[in-house]
Amino acid sequence: MPAASCRKRGHAMSDSFTRWRQEEEQRLLATYSKFPFALARGEGMRVFDVDGKAYLDFYGGHAVAIIGHCHPHLVASLTRQIGELIFYSNLCYLPVRAQAAEKLLRLLYPEMARVFFVNSGAEANEAALKIARRHTGRERVVAMQGSFHGRTIATLSVTGMDKYRNAFVPTIAGATDFVPFGDMAAIKALDPAGIAAVILEPVQSMAGAVTAGGEYFRALRDYTRRHGIALIFDEIQTGLGRTGLPFAGMHWGVAPDIVTMAKGIGGGIPVAACALTEQFTAGIKIGDHGTTFGGGPVACMAVKATLEVIEQERLVEHARAMGELLAARLAEVPGVADIRGMGLLVGFALPRPARDIQSAMVAKGVLVGVSVDPRIVRLLPPLTVGEDDVDVLVRALKEVAQ
Ligand SMILES: Cc1ncc(COP(=O)(O)O)c(C=O)c1O
């Protein structure tokens, strides 16, 4: 964010912030419009800038800090792991990798049999698309208008947002059919014979927390199974308890063939995963896929420790209760409309552009997200969020909404 816009939005800029902003802007490729502060540390629901100002993080560190910032169990586990072994690749067996996979499979859909660890959400989706093509022997993919699956060329090919894709067309030429999210008839109108996969997010988060409902997902599951099409759920935002159940399809009794996870799976350490059923595992041979860093010991310790916290602190149940509370409390804010989403992935509108709301909230020390829909403010707090935090959020929103 240029200096002028920071000032315009009423943020007093300290010398230390100005310095760090300039240092980054001189040396880094500018691809993000940034918050007007430089961060020094985080603890639980809060992050602190270089001047010591606290921000209550309802954007959850970009949907990543699912167990809060710097959870003590994660910090201790990682510190121990770093002292023992920082890295070796998939060429070696690692006890911590097996333990992370075992814990993840226990939380996942019971239909899932195998896990492949990678480093980012886009890579998890790349792996899912490759596996679907390998398994079906087909090439085409059906994806949703309004979807977001990553920034690599293959994942942009199935991303249904013009804003991200159009500058890079042709992506993977002609390989994707985009259909409206929630429209089963549009999928049935396509010839199923050449379709390898349908890929979709159970809740379209970047589009503004858009949902489609159980009837659609059940019909999609029946149709894809009948035609031998892989059903891929991108649960990069909805997985790991965010929606109030471990994975979103569980709300509707629908399990995909392949599911991808990233964001909070390692509590902030870059790690992601792709899981698949036994049926889809068949046919994957040594050499079909690979990664140097995916499944390394630090990343796997991060997954193991994060899942331990989710289990020990019963964060999935907590997320469900807090999601209900959050939606009810948001309804108290004058002018609020269109509250949507699931659990702790929440969107809503106020009678001002979402970016203005975001700037005004930052000035009050509360971080919220925006979306591709200019009206929709998005909340993705840590699953550890408490009632007191919701009080602070709602109070600030009421002031901002006036
Ligand atoms: C639903 C979804 N899929 C895929 C991705 C891409 O993940 P990453 O940025 O880790 O590559 C994101 C990132 O925001 C996402 O929200």
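Whatever order the structure lists them in is the order used to number ligands and atoms, beginning at 1. All of these numbers come straight from a predicted model, not from anything done at the bench.
Salt bridge annotation for Asp222-Arg225: absent, with no cationic side-chain nitrogen under 4.0 angstrom from a carboxylate oxygen. Classification of Glu102 and Lys304 as a salt-bridged pair fails, no side-chain N sitting under 4.0 Å from a carboxylate O. At a threshold of 4.0 Å, the pair Asp257-Arg221 counts as salt-bridged, since one of the basic side-chain nitrogens sits closer than that to a carboxylate oxygen.
Distance from atom 8 (P) of ligand 1 to its nearest protein heavy atom, with residue and atom name: Gly121 N, 3.5 Å. Scanning the protein heavy atoms around atom 16 (O) of ligand 1, the nearest turns out to be Gln237 NE2, 2.8 Å. Looking only at heavy atoms of the protein, atom 5 (C) of ligand 1 is closest to Phe148 CE2, 3.7 Å. Here the protein heavy atom with the shortest distance to atom 3 (N) of ligand 1 is Asp234 OD2, 2.7 Å. Looking at atom 11 (O) of ligand 1, its nearest protein heavy atom turns out to be Ala122 N, 2.8 Å.
A side-chain N or O of Asp51 and one of Ser16 form a donor-acceptor pair less than 3.5 Å apart.
Atoms of ligand 1 found under 4.0 Å from any heavy atom of Ser120 (numbered from 1 in listed order, with element): 10 (O), 11 (O). In summary, the atoms of ligand 1 found under 4.0 Å from a heavy atom of Glu201, numbered by their order in the structure, are 1 (C).
Two residues are said to be in side-chain contact when any heavy atoms from C-beta on lie closer than 4.5 Å; Phe181 and Glu201 fail this criterion.
Under 4.0 Å from ligand 1, the heavy atoms of Asn125 that appear belong solely to its side chain.
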Practice problem: Begin with the C-alpha distance, continue with both residues' side-chain angles, and end with the deciding distance and a verdict on salt bridge (Lys or Arg N to Asp or Glu O under 4.0 Å) for Glu126 and Lys130. | Solution: CA-CA 6 Å; Glu126 290 259 359; Lys130 275 181 75 175; over 6 Å; no

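For the residues Met206, Glu235, Lys263, the heavy atom positioned nearest atom 14 (O) of ligand 1 is part of Lys263.
Both the sub-6.0 Å distance and the 45° axial angle are not jointly satisfied by Arg114 relative to the ring of Phe116.
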